[in-house]
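For reference, the structure is listed below as structure tokens.
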Amino acid sequence: MKITRLQTFRVAPRWMFLKIETDEGISGWGEPVIEGRARTVEAAVHEFAETLVGRDPADINDLWQTMYRSHFYRGGAILMSAIAGIDQALWDIKGKALGVPVYQLLGGKVRDRMKVYSWVGGDRPADIVEHMQRLMEGGFDTFKLNGTEEMAMLDSPRAVDAAVAKIAAVHEALGNQVSFGLDFHGRVAAPMAKRLLKELEPFKPLFVEEPVLAEQAEHYPRLAAATSIPLAAGERMYSRFEFKRVLQEGGIAILQPDLSHAGGITECHKIAAMAEAYDVAFAPHCPLGPIALAACLQVDFTAWNAVLQEQSMGIHYNRDAELLDYVINKDDFRIEGGYMRALPLPGLGVEIDEERVVHASREAPDWHNPVWRHGDGSVAEW
């Protein structure tokens, strides 16, 4: 079997799909994208085409290493996201060719179902309790929300109190009926993180995500030593080599690589194993589309330390399209009691409605995150 063509499709709300075709008629799908930089990743994907076309798609390990190592400059959000989507598509082809789900090719399942959680509250957390209550009716009991709006490097007690009050309201209304993680989203700088973590401890959040930005990872062990809240990070780390340093230094209890950003299934399967060796949990980041989620689930079902899976049904970013709009086998993605079963179809387990994808790609929006500013006019972390 030989790879013959790579096609990319940018679609609403902010996703990009990749189709890799072969001379035997078996095609694979991947989801290579950086939110807000889809066109840049698209260019990188097509630059890799000369490395891939004519090669056997079954040689996943060699193709991955060739893409990563043979072009001298490596790593980073764009290149690793391009590799990630290509890698997903190659695993999809291999599973379809052999007639088995990818998790079987990775050694088989270690669990029967995977716990998933839902986003609530939007970029500026609001109506949190009402949103949780609606989702609880559908069986969810685990959530994630942004922990704060923009916060200055040295902010006022008023800003801290405002952030804490929203979490206190959730705890008062729902108590132990729900579990929730808080995403600082890189909005909190080191001088404020320690204080905010201390104020949030009484409400027992499941974790705090990106307590500071990944480029400030030297603060993770210091913050972990000052709080009982498990700290999580990883969506802005792109290879096992970046995760290696974080694991060695300690402080992070939950690793959150994104399978559309951190080298795909091949790389994230290794990252999960590295985390297990350090007694660190694995909870892939995934506010993206159905192919990315399918890839995450394939690894989740083989990683013993996988504890939670993010998914984007109803997330505030989804405008003009929802998670399953481009999926034919929607029923395989159903969530029951806050859990998902392993996807049963061969490959990644997602059957893409190609006609709908092609149609949607003709008028795809260019999504960009908002630019926030502090009161003094300086740029704030979104």
Side-chain angles (χ1 to χ4, degrees), residues 103 106-119 140-145 147 176 178-186 193 197 200-201 203-212 214 217 219-265 267-287 292-293 295-311 335 338-340 342:
Y103 69 76
L106 297 175
K109 295 187 295 182
V110 297
R111 57 179 48 84
D112 296 321
R113 55 185 188 157
M114 186 65 204
K115 185 73 171 179
V116 298
Y117 65 84
S118 183
W119 261 96
F140 281 99
D141 64 2
T142 307
F143 306 94
K144 185 168 78 175
L145 60 144
N176 292 327
V178 299
S179 299
F180 56 88
L182 298 175
D183 190 354
F184 281 11
H185 216 250
L197 287 167
L200 290 168
E201 274 196 339
F203 309 109
K204 301 176 183 177
L206 202 56
F207 59 85
V208 165
E209 181 174 326
E210 281 198 329
V212 295
H219 291 285
Y220 291 154
R222 302 169 199 168
L223 292 172
T227 184
S228 63
I229 303 172
L231 303 182
E235 70 183 78
R236 286 187 269 194
M237 302 177 199
Y238 307 110
S239 74
R240 62 192 182 276
F241 306 107
E242 292 180 63
F243 283 98
K244 175 182 70 172
R245 297 183 183 94
V246 170
L247 289 168
Q248 287 173 337
E249 294 298 321
I252 293 299
I254 306 166
L255 286 196
Q256 300 173 306
D258 190 307
L259 272 81
S260 281
H261 301 334
I265 290 169
E267 187 75 343
C268 289
H269 184 59
K270 296 173 182 176
I271 291 167
M274 289 170 62
E276 184 181 353
Y278 283 87
D279 206 22
V280 169
F282 179 74
H285 179 258
C286 190
L293 177 59
C296 288
L297 290 168
Q298 298 299 331
V299 176
D300 288 334
F301 276 93
T302 66
W304 178 84
N305 54 332
V307 292
L308 287 170
Q309 180 56 60
E310 182 174 20
Q311 56 79 37
I335 296 171
Y339 288 85
M340 290 185 71

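All residue numbers in this chain count up from 1 along the given sequence.
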* **Main-chain N/O of Ala232 paired to Tyr220 side chain as donor or acceptor, under 3.5 Å** => no
* Asked: Between the main-chain N or O of Ala283 and the side-chain N or O of Glu310, is there a donor-acceptor pair closer than 3.5 Å?
  -> no
* Asked: Is there a side-chain contact (heavy atoms from CB on, under 4.5 Å) between Phe243 and Ile252 once you walk through the steps?
  -> CA-CA 10 Å; Phe243 283 98; Ile252 293 299; over 6 Å; no
[X] side, atom [atom1]; [Y] side, atom [atom2] - distance, nearest 0.5 Å:
X	Y	atom1	atom2	answer
Leu200	Phe184	CG	CZ	5.0 Å
Leu145	Ser118	CG	OG	11.0 Å
Phe180	Phe207	CZ	CZ	10.5 Å
Met274	Leu247	CE	CG	5.5 Å
Thr302	His269	OG1	NE2	5.0 Å
Leu293	Gln298	CG	CD	10.0 Å

Identify the two heavy atoms, one from [X] and one from [Y], that lie closest to each other, and give their separation to 0.1 Å.
X	Y	value
Ala253	Pro230	CB-CB, 3.9 Å
Glu201	Thr227	OE2-OG1, 2.9 Å
Phe301	Arg111	CD2-O, 3.4 Å
Phe282	Ala303	CD2-CB, 4.2 Å
Gln309	Cys296	OE1-CB, 3.3 Å
Ile271	Leu255	CG2-CD1, 4.0 Å

* Please check if atom CD in Glu249 has more than 12 non-hydrogen atoms from other residues, nucleotides or ligands closer than 6.0 Å. => no
* **Residue from His185, Gln256, Arg236, His285 passing side-chain hydrogen bond (donor to acceptor under 3.5 Å, both in side chains) with Glu210** =>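 One option only clears the test, and that one is Arg236.
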State, with a plain yes or no, whether a side-chain heavy atom of [X] is found less than 4.5 Å away from one of [Y].
X	Y	result
Asp258	Pro287	yes
Ile335	Phe140	yes
Met237	Pro257	no
Leu197	Leu231	yes

* In terms of the angle between their ring planes, are Tyr238 and His261 parallel, tilted or perpendicular, with boundaries placed at 30° and 60°? ->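 Taking His261 first and then Tyr238, their aromatic rings stand perpendicular (interplane angle over 60°).
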* Asked: Under 3.5 Å, is there a donor-acceptor pair between the Tyr103 and Lys109 side chains?
  -> no
* To do: Kindly indicate, with the supporting measurements, whether the criterion side-chain contact (heavy atoms from CB on, under 4.5 Å) is fulfilled by Cys286 and Gln311.
  => CA-CA 6 Å; Cys286 190; Gln311 56 79 37; over 6 Å; no
* Begin with the C-alpha distance, continue with both residues' side-chain angles, and end with the deciding distance and a verdict on side-chain contact (heavy atoms from CB on, under 4.5 Å) for Val246 and Tyr278. => CA-CA 11 Å; Val246 170; Tyr278 283 87; over 6 Å; no
* Name the one of Asp300, Ile254, Thr142 that satisfies side-chain contact (heavy atoms from CB on, under 4.5 Å) with Leu308? ->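 Only one option passes, and that is Thr142.
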